[in-house]
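Report on the structure given below.
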Amino acid sequence: MNATRLHPASLARLSPAVRRPRYRREAHGVGIVHLGLGAFHRAHQASHFDELLDRAGGDWRICGVSCRSASVREQLLPQECLYTVAERDAAGTRYRLVQSLAAVLVAPDDPAAVIATIARPSTRLISMTVTEKGYCRSPATGRLDIEHDDIVHDLRDPVRPRSAIGLLVAGLRARRQASVAAPTVLCCDNLPNNGAALRRIVVDLAGRLDPGLADWIERGVAFPSSMVDRLVPATTAADIAEAESETGLRDLALVVTEPFTQWVIEDRFAGARPALDLTGVQWVRDVRPFEIAKLRLLNGSHSSLAYLGLAAGYRMVHEAMADSDLRPFIEMLMRDELAPTLVPTEGLDLAAYQHRLLARFGNSALRHALGQIAMDGSQKLPQRLLAPLRQRLEAGQSASLILLVIAAWILYAAGLGEGAPHTVDDPLAARFAEIASRESGSAAGLAEGFLGMREIFGADLPESPGFSRQLTNEIAGIMQCGVRARVRAVLREAPNG
Ligand code: CS2
C-alpha cells in the first residue's frame, strides 16, 4: 500500500469533489469530551459539530475517548484526526472532510488523562455513545448493575475506572474538587429517556463513592435527553479502497453512512448551548415522543429485520427489505403493532416517518450487515420491542408480529436458529448457551429459560396471562416450519392482514 494517507500536509491531493470545511482548526478550542469514539459518533455528532464550526465558529472541537481498544487511535492519530464521511445512496457517494476532532485518548492506557480532560474548565460538554451495554445497567429496571465486573472494579478502584460511567463519575469528582462549574452530559445512545437514564446510573455510582458528589451532580449537572439517528454500517476494507480511488487519499478512519441525519435534543444545557440548530438539530422541550418513536419504529423494525432476515439466509438489511415476505411483515409490524403504541405529537408525522424508514432500510448502496444489528439483543429488545409488547398486552391487543420476532430472537440467541452459523455476541451469551444446552429440543424449556431472565423480561411479562404459552407456541412453530413459513402465516392471520 503506497497510497498517500489523509493528513493536513497531503490535503492538496484530496479530490476537489470532496466537500471541505473552510474554518482553520487551530483557531478553535476543545470544548467537548466524547466517550465512545466509534463510527457512529464520527458520522453523526462530530459531523454536526464540524458543520457548526464551519458556520459559526466557537470552541467546540472534540477530544474523543476510546473506552476500550486502541485501534481507533491508530486510525486517527497518523491523520492528525482528520477523516472523511462517505454518504451513499442510489445517486452515488458524496465525500466530506471532517476536522472537528482535535485529540484521541484511549481510556485503558491513560484513564487519568481522560479524567483530567473532563475536569478542565474549558470542557463544557461531555457526550457519550458507548452502546446500550456500555451503561452497565439492568435493561429491565434501568438501575446500575452493581454486580457488573466493570462496576465492581470501579467501586474498588475509582481512580482508575474501567467503565465509561466510572470515567465520567471520576471526571465529575475531579471537577468538583477543582471548583469547576458543573457541565452538561449528553447521552447519545438508543435508550429510552436517555438523559434521565444516564443521570440515574451516574448518581447511583457516585452515591456509593461519595454522597456529597452525588448531591452536587444531582443539583448542577444537566443531563438533557437526545434522539440521534443515522444509519452507520461498519466500515469495510472495500469501502476504504473505494474511497481512496475516489478521493485520492487513503483514510483508515473513514466512515460510511446515508445522507439522512437527525438529532433532537432537549433544551436543557448547563451554561451556553452550542448553536446546533444551524446544523439541523431540533431543540425541544420534551424529546420522549421522538425518542420512543425512533426506538420502536426504527430500531424495533431494524432488530426484527436482523433476526428474521438472518434466519431467511440474508446478510444485509437492504436484501431482507427486498424480500416479498419480510418487507410486508415489517410494514405491518410498524403500522399495526408499533405505531399504535405511540402518542400523537406535533411535528412528528408517524405515517411519513414509517414511509421514510422503509426507503432508508431499502438503500442498497449502504450495505448494512444484519449481524451488526443482531448484536446485544438482550440490551436492545426491552426498549425496542418488549415495551410496546407490554403496552399491547396490557390493553388486551394482539401482538403476534412482535411475538414472532421475540421467538426468532430466542432461537438466534440460543444458537438454534436457521441461516448461517454465527457467534452470539451479547453480554448474556453464556447464559443463553447454558439454557440452550439444557433445553435444546424443547420450545417450552427455551421459553421458560429465557423468560426467567428478569433483567430482560422484567417480573411482569412472564406472569402476563397466556404470554408464556403464546411464546412457546411461536418458538415451536418456527422450530417446526421455519421463520419464513411463520412470517407468511402470521401475515395471513393478522387482524388487518
Ligand atoms: C441499529 C442502530 O445496530 C443497531 O442496533 O438498530 O445502530 C441504528 O442503525 C441507529 O440507531 C440508527 O440511528
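Starting from 1, each residue takes its place in the sequence as its number. Each ligand, and each atom within it, is numbered from 1 in the order the structure gives. Just so you know, these numbers come straight off a predicted model, no measurement behind them.
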Restricting to non-hydrogen atoms, name the atom on Val106 and the atom on Ser69 that form the minimum distance, rounded to 0.1 Å. CG1-O, 3.9 Å
When the ring centroid of Phe290 is compared with that of Trp263, is the distance short of 6.0 Å? no
Do the ring planes of His34 and His41 sit parallel (below 30°), tilted (30 to 60°) or perpendicular (above 60°)? parallel
Salt bridge check: are Glu246 and Arg94 linked by an N-O gap of less than 4.0 Å? no
Does Phe40 have Arg230 sitting over its ring (NZ/CZ under 6.0 Å from centre, angle to axis within 45°)? no
Not counting sequence neighbours, list each pair that qualifies as a ring pair (Phe, Tyr, Trp, His ring centres under 6.0 Å) and has a residue in residues 342-378. His302-Phe361, His302-His368
When you pair each N or O of ligand 1 with protein N or O atoms, which pairs come out under 3.5 Å?
{"unit_1": "ligand 1", "atom_1": "5 (O)", "unit_2": "Lys380", "atom_2": "NZ", "d": "2.8"}
{"unit_1": "ligand 1", "atom_1": "5 (O)", "unit_2": "Arg384", "atom_2": "NH1", "d": "3.0"}
{"unit_1": "ligand 1", "atom_1": "5 (O)", "unit_2": "Arg384", "atom_2": "NH2", "d": "3.0"}
{"unit_1": "ligand 1", "atom_1": "6 (O)", "unit_2": "Asn299", "atom_2": "ND2", "d": "3.1"}
{"unit_1": "ligand 1", "atom_1": "6 (O)", "unit_2": "His302", "atom_2": "ND1", "d": "2.8"}
{"unit_1": "ligand 1", "atom_1": "6 (O)", "unit_2": "Arg384", "atom_2": "NH1", "d": "3.2"}
{"unit_1": "ligand 1", "atom_1": "11 (O)", "unit_2": "Asn190", "atom_2": "ND2", "d": "2.9"}
{"unit_1": "ligand 1", "atom_1": "11 (O)", "unit_2": "Lys294", "atom_2": "NZ", "d": "2.6"}
{"unit_1": "ligand 1", "atom_1": "11 (O)", "unit_2": "Asn299", "atom_2": "ND2", "d": "3.0"}
{"unit_1": "ligand 1", "atom_1": "13 (O)", "unit_2": "Asp229", "atom_2": "OD1", "d": "2.6"}
{"unit_1": "ligand 1", "atom_1": "13 (O)", "unit_2": "Arg230", "atom_2": "N", "d": "3.0"}
{"unit_1": "ligand 1", "atom_1": "13 (O)", "unit_2": "Arg230", "atom_2": "O", "d": "3.3"}
{"unit_1": "ligand 1", "atom_1": "13 (O)", "unit_2": "Lys294", "atom_2": "NZ", "d": "3.1"}

